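Working notes, structure below.
These figures come from a predicted structure and were not determined experimentally. Lettering follows sequence order; numbering is per chain, from 1.
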Amino acid sequence: MSGPGAASPLPAEFYARPADAVARSLLGCVLVAVTSADRTSGRIVETEAYLGPHDPASHAAERIGRTARNQSMYGPPGIAYIYRSYGVHWCLNAVTGHHDYPAAVLIRALEPREGIEVMRRRRIVDGMPLPDRALCSGPGRLTAALAITRALDGHPLDRPPLWIEAGEALADADVVCGPRIGITRAAEWPLRYRQRASPWVSRG
DNA sequence: GAAACGATTATCT
DNA sequence: GATAATCGTTTCA
């Protein structure tokens with residue numbers, strides 16, 4: 001898509017808010033990734049907020065502090081924080097809040113929009129394609145589908161090759177907020193946001 | 001130095 | 001429902 005009326009990337013100011021507010025606002029926005037050969041994108045249907053040093057589940061919790069891995073979380077709002085999960089998967093976050101304050105929003109699931117055939121090709125394992133439902137329904141799955149790796153850690157999310165555009169905002173009635181997933185500390189904090197009844201979310 | 005532990009997923013029972 | 005894959009960070013000696 002291009003020309004008049006095309007959605008423009010969200011500015012850094014969009015992210016200069018508490019992580020839970022950004023996590024809610026990102027639902028319905030569109031994540032776009034381009035390579036020299038392909039363009040892939042999807043609507044964000046599930047996010048999770050990691051609030052700051054006082055959030056014990058955060059990679060930058062008080063007890064951990066600044067490390068080589070989480071340095072992007074201390075950068076300016078609107079950049080990517082990408083880390084390796086379980087030594088196997090890449091996970092994408094949008095850094096929020098103000099500079100030097102570590103907070104971020106984990107992008108957990110997308111509804112595929114552009115390049116779904118490219119996503120299918122990227123996820124073929126042993127000749128067996130994944131069902132479309134599984135292409136982007138999880139933080140590790142969507143990075144594989146969009147070819148997002150550590151190389152983009154710290155990348156500003158308002159320009160190629162990876163950016164987020166405003167989408168159609170979701171009404172509060174279409175948003176479900178509940179406990180976070182896959183963590184042991186403060187998992188019960190209601191910081192996971194997802195589109196109600198979307199078949200593209202990671203669980204439920 | 002050594003060992004345990006994940007903001008997960010695919011595969012097997 | 002259980003578990004292997006797989007590696008950087010953190011923790012402990």
Checklist entry - With respect to the phosphate group of B:dG6, does any side-chain polar atom (N or O) of A:Arg185 fall under 4.0 Å of OP1 or OP2? => result no
Checklist entry - In whole angstroms, how far is the C1' atom of B:dA7 from the CH2 atom of A:Trp90? => result 15 Å
Next on the checklist: From the set B:dT8, B:dA7, B:dA10, return the single nucleotide nearest to any side-chain atom of A:Arg123.
Outcome noted: B:dA10
Item to check | Length of the CD-C1' vector between A:Glu46 and B:dA7, whole Å | outcome: 12 Å
Next on the checklist: Between P on B:dT8 and CD1 on A:Ile183, what's the gap in Å once rounded to a whole number?
Outcome noted: 8 Å
Next on the checklist: Can you see if the side chain of A:His89 gets near the phosphate of B:dT9 - specifically, an N or O under 4.0 Å from OP1 or OP2?
Outcome noted: no
Checklist entry - Quantified in whole Å, what is the C1' atom distance between nucleotide B:dA7 and nucleotide C:dG1? => result 22 Å
Checklist entry - How far does CG of A:Leu162 sit from CG of A:Leu146, to the nearest 0.5 angstrom? => result 7.5 Å
Checklist outcome for this item: Rounded to whole Å, the CD1-C1' distance (A:Ile124 to B:dA10) equals 16 Å
Item to check | Spacing of A:Leu92 atom CG relative to B:dT8 atom C1', expressed in whole Å | outcome: 15 Å
Checklist entry - Is there side-chain contact between A:Pro77 and A:Arg17, with heavy atoms separated by less than 4.5 Å? => result no
Checklist outcome for this item: Note: for A:Arg150 and A:Val88 on DNA chain C, the residue whose nearest nucleotide lies more 5' is A:Val88
Item to check | Whole-Å distance separating the NE2 atom of A:His59 from the C1' atom of B:dA7 | outcome: 5 Å
Checklist entry - Does a side-chain heavy-atom distance below 4.5 Å link A:Leu110 with A:Arg43? => result no
Checklist entry - The side chain of A:Leu106 lies closest to which of these nucleotides: B:dA10, B:dA7, B:dT8? => result B:dA7
Next on the checklist: On DNA chain B, compare the nucleotides closest to A:Tyr50 and A:Leu130; which residue's is nearer the 5' end?
Outcome noted: A:Tyr50
Checklist entry - Taking OP1 and OP2 of B:dA7, is either one under 4.0 Å from a side-chain nitrogen or oxygen of A:Arg84? => result no
Item to check | Length of the line joining A:Ile64:CD1 and B:dC5:P, which is rounded to integer Å | outcome: 15 Å
Checklist outcome for this item: Annotated structure of DNA chain C as dot-bracket, pair cut-off 3.5 Å, Watson-Crick or G-U only, | for inter-strand, is |||||.||||||.
Item to check | Carboxylate-amine/guanidinium contact A:Asp55 A:Arg185, below 4.0 Å | outcome: no
Next on the checklist: With a strict under 4.0 Å distance from non-hydrogen atoms of chain A, what nucleotide opens and what nucleotide closes the contacted stretch of DNA chain C, reading 5' to 3'?
Outcome noted: C:dA5 to C:dT10
Item to check | Nearest-angstrom distance, P atom, C:dT6 to B:dA2 | outcome: 22 Å
Item to check | Among A:Ile181, A:Thr47, A:Asn93, side-chain contact (heavy atoms from CB on, under 4.5 Å) partner for A:Leu106 | outcome: A:Asn93
Item to check | Side-chain heavy-atom pair A:Leu130, A:Arg120 within 4.5 angstrom cut-off | outcome: no
Checklist entry - So, do A:Val32 and A:Arg39 sit near enough that their side-chain heavy atoms are less than 4.5 Å apart? => result yes
Next on the checklist: Nearest heavy atom decides the nucleotide; on that basis, is A:Ala134 or A:Ala57 closer to the 5' end of DNA chain B?
Outcome noted: A:Ala57
Checklist entry - Taking atom C1' of B:dA7 as reference, at what distance in whole Å does atom CZ of A:Arg180 sit? => result 9 Å
Next on the checklist: Aromatic contact between A:His59 and A:Tyr50, with the criterion being ring centroids under 6.0 Å apart: yes or no?
Outcome noted: no
Checklist entry - Does NZ or CZ of A:Arg150 lie under 6.0 Å from the centre of the six-membered ring of A:Trp90, at an angle within 45° of the ring axis? => result no
Next on the checklist: Checking A:Arg133 against A:Ser137: is there a side-chain donor and acceptor pair closer than 3.5 Å?
Outcome noted: no
